[in-house]
A.B. asks: 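Dumping the structure here so I can ask a few things about it.
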Amino acid sequence: MRIKLTIVLSLILSSSLYASVVDELLTEYRATGVETFSAKAGKALWSQEFINAKTGKIRQCTTCHTADLRNEGKHIRTGKIIKPLAPITNPERLTNLKKTRKWFKRNCKWTLGRECNAQEKGDLLLFMQNFNGE
Amino acid sequence: MCTTKHSVRIWDLPTRVFHWLLVASFILSWLSQGDDRYLDIHVFAGYLFLALLIFRLIWGFVGSNYAKFCNFTCLQIGGYLKTLFTSQRQHFLGHNPAGSWAVFIILGLGLIVALTGLLTLGGEERHGPLAGMISFELGDSLHWWHDSIAWFMLGIIGIHILGVLGESWLHNENLIKSMFTGLKSTTTQSIDIPKHSLTTIFLISSLIVGMASYFNGYLLEANYRPFIGPELPTNPAWQAACEECHLAYHPSLLPARSWQRTFAEQAEHFEEDLYLEPDDIAELQTFAINNAAENTLTEVAWKNNRSIPPEQSPLRITEVDYWVTKHQDIASAIWQLPEVNFKGNCKACHLDAEQGTFEDSAMYLPE
């Protein structure tokens, strides 16, 4: 019983440490008036196709990151290999506030043609954080 | 009197080995020139060529009878040419006057070609025994002389070959075969010269040792680079900011005005936003300007800068004239390979792209 409790407690502790950047961001997004976030909506947005106005070509998050976040991606324009986005395989992900903010801005602008709103960003964050293969 | 012909040895073994190795090194240097990927082979052929010439100069004093310069017949050229197409034409067992001239001219031109080659290597590439002793400019103009004199030498060798064929035909003897066997058949008495096996063994073993020490990197190291360039200045902030999306191009690849423009337009960097803070920009820009192409840290820096008109500030390295000419022969199928992806992906083909040195022989084409 004691052992089980310690395991559960330490799990909660470590996951909360590890989720702090995500939590901070989610709190920030909530402050703008969004109430709930959904990983399912995040998943849908992740593979949604956007037709770029200038080039007429399809752009998606998966264009560079692939659909399975545990895999390496590749920058479609420069060929640079992108390490997995899922914290489950790459614990460094979503641990640097500045970095996550910057890439959200950049990647939403390039993919959607506009910045993502708080709801979308929160959904995407939950989806990424909990990604374990589905 | 009976005039039976008999064979005598005219060319000693070292002279013959020298002759054919010189031919081989000359051919090798032609085959390996013009493509920077094979510069190390070209330089090896050049060293071999120079070493052989020096050997031949020494052998011209200490070698056997017909190899000695003092027995050359240069001064009899007048009489030789006058009677060449008459029945009184003269026959020489050793080098005839035209052949003697050919040896001296080829030795002389060869030394000039080898020397200008060493100077080009030292000036333009900053390698070899004369590395960095002369400027890029001087190295570049000596490169022109190196090429031109080599072409001239090719012409002289053409004449030499025609002469050998003509003489063989006129005297009904196979001079080319003689340069292999060392033998000529003659009716006159002649001294039979010694073979000089020991000197030959020395020649051949020097060649083997030389080759082994020059090329052993290919056997011992994966991704072996024959030329290692200078260590260029780096900056962690630059590395971090640029590596996010692609190779952190070394600032020596473009002039300062190009980098100033890059930072001025950082919010629209090829459709991407770099999101650099003013502090970051100040640091990155200082690093870029201090090491920009004008500072000629490398051959690429010097050549890229030289080929950009002063009124232009290109944002792309891949639009600079020098870059374009160096890569124009690469098939479009190669640019489309997934591991190449885009022209600015220098790493796909240059082993030293991260260091920014872009040395010759460090590039390869992906399959």
Side-chain angles (χ1 to χ4, degrees), chain A residues 21 25 28 49-69 71-85 90 92-117 120-121 124 128, chain B residues 236-250 253 262 265-281 283-284 315-319 323 327 330 332-351 353-354 364-367:
Chain A
V21 164
L25 284 171
E28 199 179 292
E49 298 179 350
F50 299 92
I51 310 246
N52 183 255
K54 255 192 265 162
T55 61
K57 285 195 185 145
I58 292 173
R59 293 183 177 182
Q60 312 165 254
C61 302
T62 56
T63 308
C64 298
H65 292 297
T66 74
D68 189 337
L69 272 62
N71 292 342
E72 275 186 347
K74 194 170 120 183
H75 197 294
I76 183 91
R77 300 179 62 202
T78 66
K80 184 196 141 96
I81 301 293
I82 305 174
K83 294 200 191 110
L85 268 197
N90 183 358
E92 277 176 31
R93 286 299 180 203
L94 312 180
T95 57
N96 179 332
L97 197 63
K98 219 176 139 189
K99 182 172 177 183
T100 309
R101 275 213 186 102
K102 179 168 75 181
W103 281 106
F104 257 142
K105 243 197 204 169
R106 242 181 214 159
N107 290 342
C108 285
K109 259 166 95 177
W110 192 83
T111 313
L112 285 66
R114 60 166 170 86
E115 288 196 22
C116 294
N117 59 35
E120 289 164 332
K121 283 192 279 195
L124 283 165
M128 286 187 257
Chain B
W238 178 275
Q239 208 70 19
C242 311
E243 229 172 33
E244 283 181 333
C245 298
H246 50 61
L247 170 72
Y249 303 109
H250 196 271
L253 292 168
T262 300
E265 299 171 12
Q266 59 117 352
E268 284 126 37
H269 178 78
F270 304 97
E271 268 190 80
E272 297 279 353
D273 195 331
L274 298 186
Y275 294 114
L276 296 169
E277 317 272 338
D279 287 357
D280 303 335
I281 295 188
E283 179 177 359
L284 297 176
L315 291 173
R316 280 190 192 274
I317 302 154
T318 55
E319 277 169 5
W323 191 94
H327 298 83
I330 297 175
S332 63
I334 290 191
W335 295 116
Q336 264 123 50
L337 288 175
E339 62 266 45
V340 176
N341 218 301
F342 98 114
K343 291 186 172 174
N345 193 4
C346 322
K347 247 193 318 191
C349 313
H350 291 272
L351 293 172
E354 314 230 11
Y364 62 95
L365 289 177
E367 304 280 310

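In what follows, chains carry the letters A, B, and so on, assigned in the order in which the sequence lines appear, proteins first and then strands, with residues in each chain numbered from 1.
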A.B. asks: Kindly indicate whether the side chain of A:W110, heavy atoms from C-beta on, has any atom under 4.5 Å from the side chain of B:E271.
C.D. replies: yes
A.B. asks: Using heavy-atom distances under 4.5 Å, tell me whether A:I81 contacts chain B through its side chain, its backbone, both, or neither.
C.D. replies: neither
A.B. asks: Looking at every heavy atom in both A:I76 and B:N341, which two are closest together, and how far apart are they?
C.D. replies: O-OD1, 3.2 Å
A.B. asks: Please report the closest heavy-atom contact between A:W103 and B:E244, naming both atoms and the distance.
C.D. replies: CZ2-CB, 3.7 Å
A.B. asks: Any ion pair linking A:K105 and B:D273 (charged N to carboxylate O, less than 4.0 Å)?
C.D. replies: no
A.B. asks: Work out which heavy atom in A:R106 is nearest to a heavy atom in B:L274; give both atom names and the distance.
C.D. replies: NH2-O, 3.0 Å
A.B. asks: Between NE2 of A:H75 and CZ of B:F342, what distance do you get to the nearest 0.5 Å?
C.D. replies: 9.0 Å
A.B. asks: Going from NZ on A:K109 to OH on B:Y275, what distance comes out if it is rounded to the nearest 0.5 angstrom?
C.D. replies: 3.5 Å
